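Below: one structure, written as structure tokens.
Because the structure is predicted, anything quoted here is derived from the model rather than measured. Per chain, numbering begins at 1; letters A, B, ... match sequence-line order.
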Number of protein chains: 2
Amino acid sequence: MGGKRVWRMELGLRMKPELDASDERPTLKTIAYLTGLGVTTVSRALKNGPEIGEETKERVRQIAKQVGYRPNRAGVRLRTGKTNVISLILNTEEGSMGLVSEMVYGITEVLAETPYHLVITPYSLSDPMEPVRYIVETRSADGVIISRTEPKDPRVSYLLDHNLPFATHGRTDMGVIHPWHDYDNESYAYNAVKLLAERGRRRIALSGPPPHLLYARHTARGFERAMRDMKLDVFPLSAMNLDAPAEAIRRDGREIGLSADRPDGIVVSSAMSALALVGGLEEAGLKIGRDIDIVTKQSTSFIGWYKPEILTIREDFRTAGRDLAKSVLAWIDGADPATLQHLAAPDVRD
Amino acid sequence: MGGKRVWRMELGLRMKPELDASDERPTLKTIAYLTGLGVTTVSRALKNGPEIGEETKERVRQIAKQVGYRPNRAGVRLRTGKTNVISLILNTEEGSMGLVSEMVYGITEVLAETPYHLVITPYSLSDPMEPVRYIVETRSADGVIISRTEPKDPRVSYLLDHNLPFATHGRTDMGVIHPWHDYDNESYAYNAVKLLAERGRRRIALSGPPPHLLYARHTARGFERAMRDMKLDVFPLSAMNLDAPAEAIRRDGREIGLSADRPDGIVVSSAMSALALVGGLEEAGLKIGRDIDIVTKQSTSFIGWYKPEILTIREDFRTAGRDLAKSVLAWIDGADPATLQHLAAPDVRD
DNA sequence: ATTCGCCTCTGTAACGTTACAGTTTTAGTG
DNA sequence: CACTAAAACTGTAACGTTACAGAGGCGAAT
């Protein structure tokens, strides 16, 4: 074997007599030259292909490591069509503080251990299909992550039609199967009510998400089930609308606080709204935790720092990001999308 | 000219007799076939090269648009080395809510009108150089945006050494020239003090950023200048440390609130800390706006919704993102980096 | 001895683009 | 009329990778 190796080396030298400029980025050719093997062999060896001898593979791997070889993404992509890119499609008009960065962190955390890069693709509400079409037409990603999923989401059908793996943050209601990650808002609402009941609250209101989104339904279901189970009085909040600007919510809070006939507990679906609501309630002279209790979801723990009187249940967007990334990768690798659906149980402590 | 066109078409047909599968993605070859021109000519025409006739260019452009031609990024990248990628290097441990997403939005807003994509490259505090080295070694981006800039930032020297255009969020103190965008913290602190002075506050404290960061110095300078100009009493906050966890800041706030000898105004450098501080002060029974005034920076306007008593001065991270993106692109296009340094004046209204 | 199949390695071509070095055509010059 | 120059176009090669179709060598079966 030693003899064979030497012979190959000489052959290599004869065949590729160019100087290898050592400051250039190494390619397969560099390794081929160094080992005296063919470029193809090196390529197969680094992929651990079955037709390459174990000894050769080891030698190639060693040299590759020595010279710091990194495959050229453009080369791979041009030849195979594989981009090694996951695209996160983001709406740039939403200002849901913290949500996005946490999700991005979760995604990068998973991708860091793979050859995948994360590309951020923005869209405006005026044309949500634009980035999806762009990615499909230019084949610029192997997989896509979608946020702000709608119950009937045209992006989902489009991606399914074009066989591009994806995962959605939030479920859909279209009778099709695809990977998703969703926070269990039914469980959240149920537990929120339970928390209030444990504090002796009996007249409880729900300030839910915008009703056209699917998770508004989940939230309402959990809320109503809990109210029935615990035999509490639903306090209807007609005016309340989480889509409304914070000023309006604050105003609502003040009105509620001033009315003689008011709830003694409110379940809120977003930390931002909870803050605005509490602002209004306090302006009306109420003391949170004494006169009324508020439960809200929170993604970062800042409410706990600031106002421990507000009851919180955690929603972890980093985990969501990790989950979504793992699901897309799994789908790309051929997993059954039906197995890539995750409902995240809310963490009731804190 | 009509005759010429027909002849070319025939030539084209003779030379490339393959069927053009119309569902395939169009390439230069497709357009060459359709126009009867050579691939090279089409390439030059679409780049508006000088050696192509105006009439031909127009025809090529038209057909290109008709078939929906989009240059293949991998092809360009492989041939030219141009990636059309800007990399945003992010620390995934920081939880500075809202900051990151707003910056990302600003960047994508600028890149949307260019062929550039935004890639998020994460790093952990244990090895801040890793992503920078990766990008340089694999030549995987044409430009880089750095956040959390340190006064002596090794990433800056490394990127300068390797001729990779970049821009930093925050200035450095290394005696080298590079593009940056920085919030004018000196001006912020000055205006914050002025705001307090206008409300009759006289014993003013500063709760500044972690002292090892450069903008701590800027903040302190603005604060001290304002205090001198307005002949106010500096109230030293020995215990205060914005690096501390929010719980500690909250505790500090309570202590300050309970002490007989306390400031009547505090300038705070981060909205998060301001909230924790206010939480503590209120716990001690103080009423913001009556017993004490707080000024803080805010990036989203949520404090205004929640607690209008807290005085705020806006810091706009979306603009920062836009600025940083524009600067990197300009540097890539050969602009003088010395002209790409922007100090963002704080917006005192709101 | 021949054939067969297996194992391990090989070169060629192609992905889409552009730099480069021509080539043809037309118009202008002496 | 030859000659040159400019204008407008051309093909070839290369970027780094991998699919594909071999090609040697060698042991086993015939």
If you look at every strand shown and take non-hydrogen atoms under 4.0 Å, does A/Thr41 touch a base, only sugar-phosphate, or nothing? base
Which nucleotide, C/dT17, D/dT17, C/dC9, lies nearest any side-chain atom of B/Leu28? C/dT17
Measure the distance from CZ on B/Arg59 to C1' on D/dA8 and round it to the nearest whole Å. 12 Å
Nearest-Å distance, CD (B/Glu54) to C1' (D/dC9)? 15 Å
Interatomic distance, B/Asn72 CG vs D/dC15 C1' [rounded to whole Å]: 13 Å
Strictly by modelled atom types, are B/His178 and B/Thr172 linked by a side-chain donor-acceptor pair under 3.5 Å? yes
Rounded distance (Å) that lies between atom C1' of C/dT17 and atom OH of B/Tyr69: 7 Å
For the residue pair B/Phe317 and B/His169, categorise the inter-ring angle as parallel (less than 30°), tilted (30 to 60°) or perpendicular (more than 60°). perpendicular
Earlier contact from the 5' end, DNA chain D, for B/Arg44 and B/Arg79: B/Arg44
Looking at B/Lys29, I'd like to know whether one of its side-chain N or O atoms comes within less than 4.0 Å of OP1 or OP2 on C/dG16. no
Give the nucleotide from the list C/dT10, C/dT17, D/dG16 with an atom nearest to the side chain of A/Thr27. D/dG16
Starting at the 5' end of DNA chain C and moving along, which residue's nearest nucleotide shows up first, A/Leu78 or A/Gly53? A/Gly53
Closest to side chain of B/Ile52, choosing from D/dT18, C/dG16, D/dC9: D/dC9
Measure the distance from CD on B/Glu24 to C1' on C/dG16 and round it to the nearest whole Å. 13 Å
Is A/Arg155 positioned over the aromatic face of A/Phe166, cation under 6.0 angstrom from the ring centre and no more than 45 degrees off axis? no
What is the distance, rounded to the nearest whole Å, between atom CD of B/Glu51 and atom P of D/dC9? 10 Å
For atom NZ of A/Lys152, decide whether the heavy atoms of other residues, nucleotides or ligands shown that lie under 6.0 angstrom number more than 12. yes
At 4.0 Å (heavy atoms only), tell me whether B/Thr40 reaches a base, stays on the sugar-phosphate, or touches nothing. base
Distance, nearest 0.5 Å, that separates OG1 of A/Thr40 from CD of A/Glu51: 10.0 Å
Nearest-nucleotide pick for B/Thr56, side chain only, options being C/dG16, C/dT18, D/dC9: D/dC9
Separation of D/dT18 atom P from A/Arg73 atom CZ, nearest Å, is 13 Å
Quick one: B/Lys82 NZ to C/dT17 P, roughly how many Å, whole number? 16 Å
